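Heads up, the thing below is written out as structure tokens.
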Amino acid sequence: MTNVGRCGDWIVVGGGIVGSALGYELARVGFSVQLLEQSPAPANATRYSYGGISYWSATTAFMRQLSQEGIALYRDLSAELDIDIQFQERDLLLTIEPGCDPAAIAATYADCLQPPRLLDVSTATDVEPLLNPDAIAAALYATHGHVEPERMTQAYQQAMTRLGGRVEYATVQDFLRMGDRIQGVVTSAGTFTAANVVVSVGGLCRSLLKKVGVTLPIYFTQAEVVDLEPSHVKVRSLLMPAVLKRFALEATAGDIKNDAQWDVPDQEIAPPILDVGIVPFQDGRIRLGQISRVCTTPRLVANATQSEQEIRYGAAKLIPQLHGLPGAWGSCLVAFSGDRLPLIGTLPGLEGIHLFSGFSNPFALMPPLARRYAQHLKGSVDQEMAQFEPARFALVDAPTP
Ligand SMILES: Cc1cc2nc3c(=O)[nH]c(=O)nc-3n(C[C@H](O)[C@H](O)[C@H](O)COP(=O)(O)OP(=O)(O)OC[C@H]3O[C@@H](n4cnc5c(N)ncnc54)[C@H](O)[C@@H]3O)c2cc1C
């Protein structure tokens with residue numbers, strides 16, 4: 001197979017928000033970067049994301065510090081990348097269903113950097129006049145960061161190419177290996193070599209890492225959304241449930257006791273959940289979500305028509321004006337790790353291969369972590385990066401030669 005890629009410093013595999021941000025940060029500190037993405041228009045998690053930046057929700061000292069670095073970074077990011085990523089600080093309402101105890105739910109947010117404020121129904125409908133007062137018992141209010149995820153991804157990629165980085169559309173099928181050292185990748189368009197390869201393929205990380213014989217607790221949900229076209233209905237705020245079932249689903253599915261099941265095809269590890277989300281974008285589109293499933297085979301097993309009806313029904317209960325608006329169903333894989341922390345660092349037992357993935361909710365913490373990691377790799381040692389090393393998990397399989 002022909003070597004089409006020059007020998008450089010870094011190959012980044014995956015051009016979603018995570019690989020694109022890291023590619024830019026690596027180029028920014030002076031490395032040569034080749035980013036490989038399998039599709040010019042990927043139906044990836046970034047494409048279907050809400051783009052919310054929950055910087056207010058950090059609970060530990062280091063996560064609070066990262067969140068503050070992150071929001072400061074966002075405030076300048078459009079200017080730095082020279083593309084408007086549509087960053088805004090917006091009203092977020094975390095809806096509380098009738099029959100629930102608002103004070104008890106508010107208390108679960110008490111440790112947050114900026115705990116959201118409990119609003120009664122009337123105040124919540126002042127914030128979002130289209131909200132159906134009969135559909136909630138109360139709401140929590142926070143100021144949430146928001147971006148257009150695909151614009152942000154393109155902005156990172158274009159800024160990286162201005163710094164000399166390159167983007168190629170090619171599917172990585174395997175790795176070039178000499179003993180324990182990874183020297184490049186084999187793709188649908190030929191081989192690419194580099195001193196280091198970093199894997200950022202979101203929900204497909206687990207299967208790609210199998211090519212080097214590594215099994216790590218990185219998994220995926222299949223998410224389903226409905227994208228409404230711009231219309232006369234103007235929703236002001238972002239709406240999500242105060243009790244997110246997705247995190248509980250990830251905790252169950254990511255329990256190490258279930259790890260072996262992830263290598264058996266077509267296993268549904270836990271029942272699907274619906275977290276009703278309503279997220280308006282600046283161009284008038286409204287993203288409705290989100291059903292999450294945990295099936296071990298990356299292809300989706302859902303009935304799209306039924307899923308679309310469920311998502312639309314949930315959203316129209318909160319904002320009746322959304323009923324019947326034209327839109328389209330979509331789905332994608334979203335990566336998550338076994339302990340809710342991302343996996344950042346080298347793969348144990350191998351050289352020249354890194355992982356930068358497993359951010360279930362990357363928008364708040366990933367940009368500052370990509371910046372720190374690139375600086376760390378350039379030689380400014382950052383002790384905080386150790387907590388994200390994949391080696392924190394005992395390898396389920398040792399790398400095979
Ligand atoms: C409905 C929904 C709402 C969300 N809301 C939020 C939110 O408000 N805030 C937040 O922080 N997060 C949110 N998320 C999560 C967030 O969007 C994702 O975690 C994030 O987009 C993942 O980015 P990624 O780059 O890791 O993966 P992806 O965006 O999936 O990108 C991975 C890329 O790798 C490519 N790839 C895969 N295999 C190969 C290969 N072999 N060779 C080459 N390329 C390959 C794929 O084509 C893809 O483009 C949401 C997700 C969904 C679905």
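Start at 1 and go down the list; that is how both ligands and their atoms are numbered. Because the structure is predicted, anything quoted here is derived from the model rather than measured.
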Fill in: Audit row: Q86, D283, side-chain contact (heavy atoms from CB on, under 4.5 Å) steps and yes/no
CA-CA 10 Å; Q86 298 186 350; D283 64 0; 5.7 Å; no

Ignoring hydrogens and geometry, is there a side-chain-to-backbone donor-acceptor pair from [X] to [Y] under 3.5 Å?
{"X": "E128", "Y": "R236", "value": "yes"}
{"X": "T346", "Y": "H354", "value": "no"}
{"X": "Q261", "Y": "N258", "value": "no"}
{"X": "T193", "Y": "Q183", "value": "no"}
{"X": "S237", "Y": "L93", "value": "no"}
{"X": "R206", "Y": "T215", "value": "no"}
{"X": "T296", "Y": "Q267", "value": "yes"}

Any nitrogen or oxygen of [X], side chain or backbone, less than 3.5 Å from one on ligand 1?
{"X": "A45", "value": "yes"}
{"X": "I53", "value": "no"}
{"X": "C332", "value": "no"}
{"X": "S49", "value": "yes"}
{"X": "H144", "value": "no"}
{"X": "T46", "value": "yes"}
{"X": "I17", "value": "yes"}
{"X": "T171", "value": "no"}
{"X": "A364", "value": "no"}

State the atoms of ligand 1, each with its element, that fall below the 4.0 Å cut-off from a heavy-atom position in [X].
{"X": "L36", "result": "43 (C), 44 (N)"}
{"X": "Y48", "result": "1 (C), 2 (C), 52 (C)"}
{"X": "P42", "result": "47 (O), 49 (O)"}
{"X": "L204", "result": "37 (C), 38 (N)"}
{"X": "V334", "result": "19 (O), 53 (C)"}
{"X": "G202", "result": "26 (O), 27 (O), 32 (C)"}
{"X": "F359", "result": "19 (O)"}
{"X": "A223", "result": "53 (C)"}

Worksheet item: Taking non-hydrogen atoms only, is Q38 closer than 4.0 angstrom to ligand 1 via side chain, backbone, both or neither?
Response: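 Under 4.0 Å from ligand 1, Q38 contributes backbone and side-chain atoms.
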
Item to complete: Answer side chain, backbone, both or neither: which part of N361 comes under 4.0 Å from ligand 1, heavy atoms only.
Response: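 Near ligand 1, N361 shows its backbone as well as its side chain.
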
Practice prompt. May I ask whether A170 places a heavy atom under 4.0 Å from ligand 1?
Written response: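 A170: in contact with ligand 1 (<4.0 Å).
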
Item to complete: Tell me, please: is S39 in heavy-atom contact with ligand 1, that is, under 4.0 Å?
Response: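 The answer is no, since S39 has no heavy atom less than 4.0 Å from ligand 1.
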
Fill in: salt bridge (charged side-chain N to carboxylate O under 4.0 Å, His left out) partner of E69, chosen from R372, R371, R64
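So, applying the salt bridge (charged side-chain N to carboxylate O under 4.0 Å, His left out) to E69 and each of R372, R371, R64, only R372 qualifies.
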
Worksheet item: Would you say the ring centroid of W262 lies under 6.0 angstrom from that of F220?
Response: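 For W262 and F220, the ring centres are under 6.0 Å apart.
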
Fill in: Ring centroid separation Y55 to H144 under 6.0 Å
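Judged by ring-centre distance (under 6.0 Å), Y55 and H144 do not meet the cut-off.
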
Worksheet item: Are R340 and F247 in a cation-pi setup, meaning NZ or CZ lies under 6.0 angstrom from the ring centre and within 45 degrees of the ring axis?
Response: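 Output yes; distance and angle both within limits.
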
Worksheet item: Any cation-pi pair here, R177 with F175, using under 6.0 Å and within 45°?
Response: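 Verdict for F175: no cation-pi partner in R177.
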
Among all protein non-hydrogen atoms, which one is nearest to [atom], and what is the separation to 0.1 Å?
{"atom": "atom 33 (C) of ligand 1", "result": "E37 OE1, 3.5 Å"}
{"atom": "atom 25 (O) of ligand 1", "result": "V18 N, 3.0 Å"}
{"atom": "atom 3 (C) of ligand 1", "result": "Y50 N, 3.3 Å"}
{"atom": "atom 9 (N) of ligand 1", "result": "G52 O, 2.8 Å"}
{"atom": "atom 16 (C) of ligand 1", "result": "P362 CD, 3.5 Å"}
{"atom": "atom 15 (C) of ligand 1", "result": "S360 O, 3.2 Å"}
{"atom": "atom 31 (O) of ligand 1", "result": "G16 CA, 3.4 Å"}

Worksheet item: Step by step, would you call L36 with T187 a side-chain contact (heavy atoms from CB on, under 4.5 Å)?
Response: CA-CA 9 Å; L36 298 171; T187 79; 4.0 Å; yes

Judged on heavy-atom distance to [atom], which of [options] sits nearest?
{"atom": "atom 10 (C) of ligand 1", "options": "F356, F220, Y169, F363", "answer": "F363"}
{"atom": "atom 42 (N) of ligand 1", "options": "V199, V172, V225", "answer": "V172"}
{"atom": "atom 37 (C) of ligand 1", "options": "T153, V201, T187", "answer": "V201"}

Fill in: K378 atom NZ, neighbour heavy-atom count above 12 within 6.0 Å
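Count over threshold, so yes.
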
Practice prompt. Answer yes or no: are there more than 12 heavy-atom neighbours, outside Y313 itself, under 6.0 Å from its atom OH?
Written response: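 No, the 6.0 Å shell around OH holds no more than 12 heavy atoms from other groups.
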
Practice prompt. Could you give me the CA-CA distance, side-chain angles and deciding distance for N361 and F336, then say whether side-chain contact (heavy atoms from CB on, under 4.5 Å) is met?
Written response: CA-CA 9 Å; N361 255 38; F336 67 95; over 6 Å; no

Practice prompt. Kindly indicate whether the side chain of C100, heavy atoms from C-beta on, has any atom under 4.5 Å from the side chain of E97.
Written response: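 C100 reaches E97 side chain to side chain.
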
